[in-house]
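Let me begin by presenting the structure, written as structure tokens, before commenting on it.
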Amino acid sequence: MNVFGVDIGGSGIKGAPVDLERGTLAEERHKVLTPQPATPDGVAGCVVEVVENFGWTGPVGVTFPGVVTGSTIRTAANVDKSWIGVDAGTLLSDRLGGLPVTVLNDADAAGVAEMTFGAGRGRKGTVILLTLGTGIGSALFADGRLVPNTELGHLELKGHDAETRASTKAKEDEDLSWEHWATRRLRKYLAHVEMLFSPELFIIGGGVSRKADKFLPLIEGIRAEIVPAELQNNAGIVGAGMAARTS
């Protein structure tokens, strides 16, 4: 069975039909740049473009980079603040001609996909997935059960919003070496999260997971196991498709 998933990010919006039996993309994903400013109208237009690229006419799951309750947006750190209070499910369904739309937090979607098909499959105890990109998303699991909308990228770390120091965007904006970023930024962030939650496993997702060999071996002093996401940057799309099936 295939269901469509769309992953809205601060820099790109990507989607594809998802094979829910295998936890993989059924077709090569289509990606467009996130409009700037990333207003509800502009982003909705991009979601329509992605979905219509495949001629899709069934249920659609959509991730959002912020807190989502029901289908209403509560925070919008890396997109336009005009999203706050918007019923994204209704907005996107209307723009997609009435197709049923399910909306959820982006990292939660990626986490559910990884726990079902990827690096967290079969793992008990406390597991935390962190998506490193424009910001830092998080998904927290206790014995396989999701605690939604944790947004651990916004923890305060040495007087700063953690994602402004340890995200992939921070590395790129400040032209940091892999070693500097891994040992002085990411390690300190992981140590802080570990102190708060004592996870058995960290799963590192986002696009940077494709380059895990460049930075994960540099991180020392963390008791939890640290592994890259197996679904890499497709996890959000897969998780969105899973949410659309179960809603």
Side-chain angles (χ1 to χ4, degrees), residues 5 7 9 18 20-24 61 63-69 75 102 104-157 162-163 166-168 182 185-243 245-246:
D7 189 12
V18 177
L20 295 178
E21 300 300 321
R22 299 166 55 195
T24 59
T63 78
F64 185 84
V67 172
V68 182
T69 55
T75 67
T102 304
L104 72 164
N105 174 267
D106 56 350
D108 286 349
V112 169
E114 283 292 330
M115 293 297 287
T116 305
F117 297 107
R121 186 172 54 247
R123 295 294 294 256
K124 299 297 183 182
T126 302
V127 177
I128 296 177
L129 173 130
L130 298 169
T131 56
L132 307 179
T134 305
I136 297 177
S138 63
L140 171 64
F141 295 86
D143 289 331
R145 295 175 66 96
L146 173 69
V147 180
N149 291 311
T150 48
E151 292 289 284
L152 300 181
H154 300 297
L155 290 171
E156 182 178 320
L157 186 61
E163 72 176 19
S167 66
T168 306
R185 301 291 185 87
L186 185 57
R187 190 200 69 78
K188 291 180 179 179
Y189 172 64
L190 292 175
H192 187 57
V193 175
E194 183 172 63
M195 180 270 293
L196 293 171
F197 296 98
S198 300
E200 283 78 26
L201 176 66
F202 281 116
I203 302 172
I204 305 300
V208 75
S209 61
R210 295 191 300 268
K211 302 177 181 178
D213 60 313
K214 293 183 179 293
F215 65 94
L216 286 190
L218 302 174
I219 298 174
E220 299 178 345
I222 304 298
R223 292 185 297 276
E225 182 182 1
I226 310 173
V227 300
E230 291 182 12
L231 279 62
Q232 298 182 348
N233 212 22
N234 290 333
I237 299 174
V238 173
M242 295 172 66
R245 176 183 64 179
T246 57

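Keep in mind the model is a prediction, meaning the values are calculated, not measured.
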Inset, instruction - Give a yes or no answer on whether the side chain of E200 reaches the backbone of T126 with a donor-acceptor pair at less than 3.5 Å. - result: yes
Inset, instruction - Answer yes or no: is there a donor N or O on one side and an acceptor on the other, between the side chain of E194 and the main chain of A224, under 3.5 Å? - result: yes
Inset, instruction - Compare all side-chain heavy atoms of P228 with those of L216 and state whether any distance is below 4.5 angstrom. - result: yes
Legend entry - Pairs involving residues 128-148, ordered by first then second residue, that meet side-chain hydrogen bond (donor to acceptor under 3.5 Å, both in side chains) (sequence neighbours left out): S138-T150
Legend entry - Main-chain N/O of L132 paired to T168 side chain as donor or acceptor, under 3.5 Å: yes
Inset, instruction - Check Y189 against A166 and note the closest heavy-atom contact, atom names and distance. - result: CB-CB, 4.0 Å
Inset, instruction - Report the C-alpha separation of L104 and V68 in whole Å, then their side-chain angles, then the decisive distance to 0.1 Å, and conclude whether the side-chain contact (heavy atoms from CB on, under 4.5 Å) test is met. - result: CA-CA 6 Å; L104 72 164; V68 182; 5.5 Å; no
Legend entry - Residue from L190, I222, I128 passing side-chain contact (heavy atoms from CB on, under 4.5 Å) with P199: I128
Inset, instruction - State, yes or no, whether a side-chain contact exists between E151 and N105 at a heavy-atom distance under 4.5 Å. - result: yes
Inset, instruction - Answer whether the closest heavy-atom distance between the side chains of F117 and M242 falls below 4.5 Å. - result: yes
Inset, instruction - Please report the closest heavy-atom contact between A162 and I136, naming both atoms and the distance. - result: O-CD1, 4.3 Å
Legend entry - Least distance between heavy atoms, A113 atom then A235 atom: CB-O, 3.4 Å
Legend entry - Residue from V147, N149, V193 passing side-chain contact (heavy atoms from CB on, under 4.5 Å) with L140: V147
Legend entry - Donor-acceptor contact below 3.5 Å, side chain S167 vs main chain E163: yes
